[in-house]
Amino acid sequence: QVQLVESGGGLVQAGGSLRLSCAASERTFSSSAMGWFRQAPGKEREFVATINWSGRSTSVAGVVKGRFTISRDNAKNMVYLEMNSLKPEDTAVYYCAAQGSGYESSIPQSYNYWGQGTQVTVSS
């Protein structure tokens, strides 16, 4: 069982930055691909970013490309989402997810474990 705990959310003005962190409980973390997803009120959960087991391969959604960066530190069992140039439409609950396959994926159904989420609110 992998437990994931997100942190770093909060209220920020448009144009600002936030860094989300996700702490994983299991040593198997280092062989798992990780993802960040978000869900705004009244909307479906959407893909934000994903990273493979080694951290050498990443992918981000088009709507955040050039603004968000995903990274990981396998020695610390941590995944990060650096968010810059935030916009009001980035407001959502952000979730960290893990999957047994080491290969990145943008499909929520491919992830086995999810965190509880952290709220990000961007004011205009």
Side-chain angles (χ1 to χ4, degrees):
Q1 184 78 13
V2 177
Q3 293 185 324
L4 304 171
V5 179
E6 303 96 335
S7 62
L11 174 63
V12 64
Q13 288 189 332
S17 299
L18 282 175
R19 188 195 197 201
L20 304 185
S21 298
C22 174
S25 64
E26 280 283 336
R27 277 178 281 180
T28 52
F29 166 85
S30 63
S31 62
S32 300
M34 302 294 295
W36 285 98
F37 294 80
R38 68 185 183 186
Q39 188 166 18
K43 295 188 177 181
E44 293 188 354
R45 190 168 297 190
E46 67 171 348
F47 165 71
V48 176
T50 181
I51 188 167
N52 79 331
W53 67 274
S54 69
R56 295 193 184 100
S57 182
T58 65
S59 177
V60 298
V63 293
V64 303
K65 197 167 188 178
R67 301 188 297 122
F68 290 14
T69 302
I70 187 171
S71 62
R72 67 190 295 161
D73 185 339
N74 285 350
K76 296 181 179 179
N77 284 7
M78 296 291 293
V79 181
Y80 307 99
L81 185 67
E82 188 75 36
M83 306 186 296
N84 299 312
S85 302
L86 282 161
K87 304 176 181 180
E89 51 264 43
D90 294 318
T91 295
V93 177
Y94 283 71
Y95 297 90
C96 174
Q99 59 157 306
S101 161
Y103 301 99
E104 65 271 32
S105 173
S106 63
I107 303 172
Q109 290 81 1
S110 66
Y111 289 84
N112 309 102
Y113 304 102
W114 293 82
Q116 292 300 307
T118 185
Q119 177 70 48
V120 171
T121 303
V122 184
S123 63
S124 57

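- Taking both residues in full, the closest heavy atoms of Ser21 and Tyr80 are given as OG-CD2, 3.4 Å, listed atom of the first, atom of the second, then distance.
- Atom CD of Glu89 sits in a crowded spot, with more than 12 heavy atoms from other residues, nucleotides or ligands closer than 6.0 Å.
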CA sep, side-chain torsions, deciding dist, call: Thr50, Tyr111, side-chain hydrogen bond (donor to acceptor under 3.5 Å, both in side chains): CA-CA 11 Å; Thr50 181; Tyr111 289 84; 3.0 Å; yes

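- Atom CZ in Arg67 sits 11.0 Å away from atom OG1 in Thr69 (nearest 0.5 Å).
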Worked check of side-chain contact (heavy atoms from CB on, under 4.5 Å) between Phe68 and Leu18: CA-CA 10 Å; Phe68 290 14; Leu18 282 175; over 6 Å; no

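- One finds the OG atom of Ser54 at 9.5 Å from the OH atom of Tyr103 (value rounded to the nearest 0.5 Å).
- Once rounded to the nearest 0.5 Å, the distance linking CH2 of Trp53 with OG of Ser30 reads 8.0 Å.
- Side-chain atoms of Asn77 never come within 3.5 Å of backbone atoms of Phe29 as a donor-acceptor pair (strictly under, hydrogens ignored).
- Residues Ser110 and Ile107 come closest through the heavy atom pair OG-O, 2.6 Å.
- The minimum heavy-atom distance linking Pro88 with Ser124 is given by the pair CG-CB, 3.8 Å.
- Between Gln99 atom CD and Trp114 atom CH2 the span is 10.0 Å, to the nearest 0.5 Å.
- The two residues Asn84 and Ser17 have their closest heavy-atom pair at OD1-OG, 2.8 Å.
- Thr91 contributes a side-chain N or O that, together with a main-chain N or O of Val122, makes up a donor-acceptor pair within less than 3.5 Å.
- In the hydrophobic clustering of ILVMFWY residues, with side-chain heavy atoms under 4.5 Å counting as a link, Val63 and Ile70 come out together.
- One hydrophobic cluster holds both Val120 and Leu4 under the rule that ILVMFWY side chains link at heavy-atom gaps under 4.5 Å.
- Side chain of Gln13 to main chain of Ser123: no donor-acceptor pair is present (N/O by atom type, distance under 3.5 Å, no hydrogens or angles).
- At least one side-chain heavy atom of Val79 sits less than 4.5 Å from a side-chain heavy atom of Arg72.
- Remark: Met78 CE to Met34 CE distance equals 10.0 Å, nearest 0.5 Å.
- Using a 4.5 Å cut-off on side-chain heavy atoms (C-beta onward), Met83 and Asp90 make no contact.
- Atom OG of residue Ser59 and atom CG of residue Asn52 lie 11.0 Å apart, to the nearest 0.5 angstrom.
- In this structure, Glu46 places its CD atom where more than 12 heavy-atom neighbours from other residues, nucleotides or ligands lie under 6.0 Å away.
- A perpendicular orientation is assigned to the rings of Phe37 and Phe47, their planes being inclined by more than 60° (bins at 30° and 60°).
- Remark: side-chain polar atoms of Glu6 are paired, donor with acceptor, to backbone N or O of Gln116 under 3.5 angstrom.
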Stepwise side-chain contact (heavy atoms from CB on, under 4.5 Å) check, Val64 with Val48: CA-CA 7 Å; Val64 303; Val48 176; 4.2 Å; yes

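- Val93 and Leu20 are not part of a single hydrophobic cluster, where members link through side-chain heavy atoms under 4.5 Å apart.
- Summarising the geometry of Leu81 relative to Ala49, their closest heavy-atom pair is CD1-CB, 4.1 Å, with the distance given to 0.1 Å.
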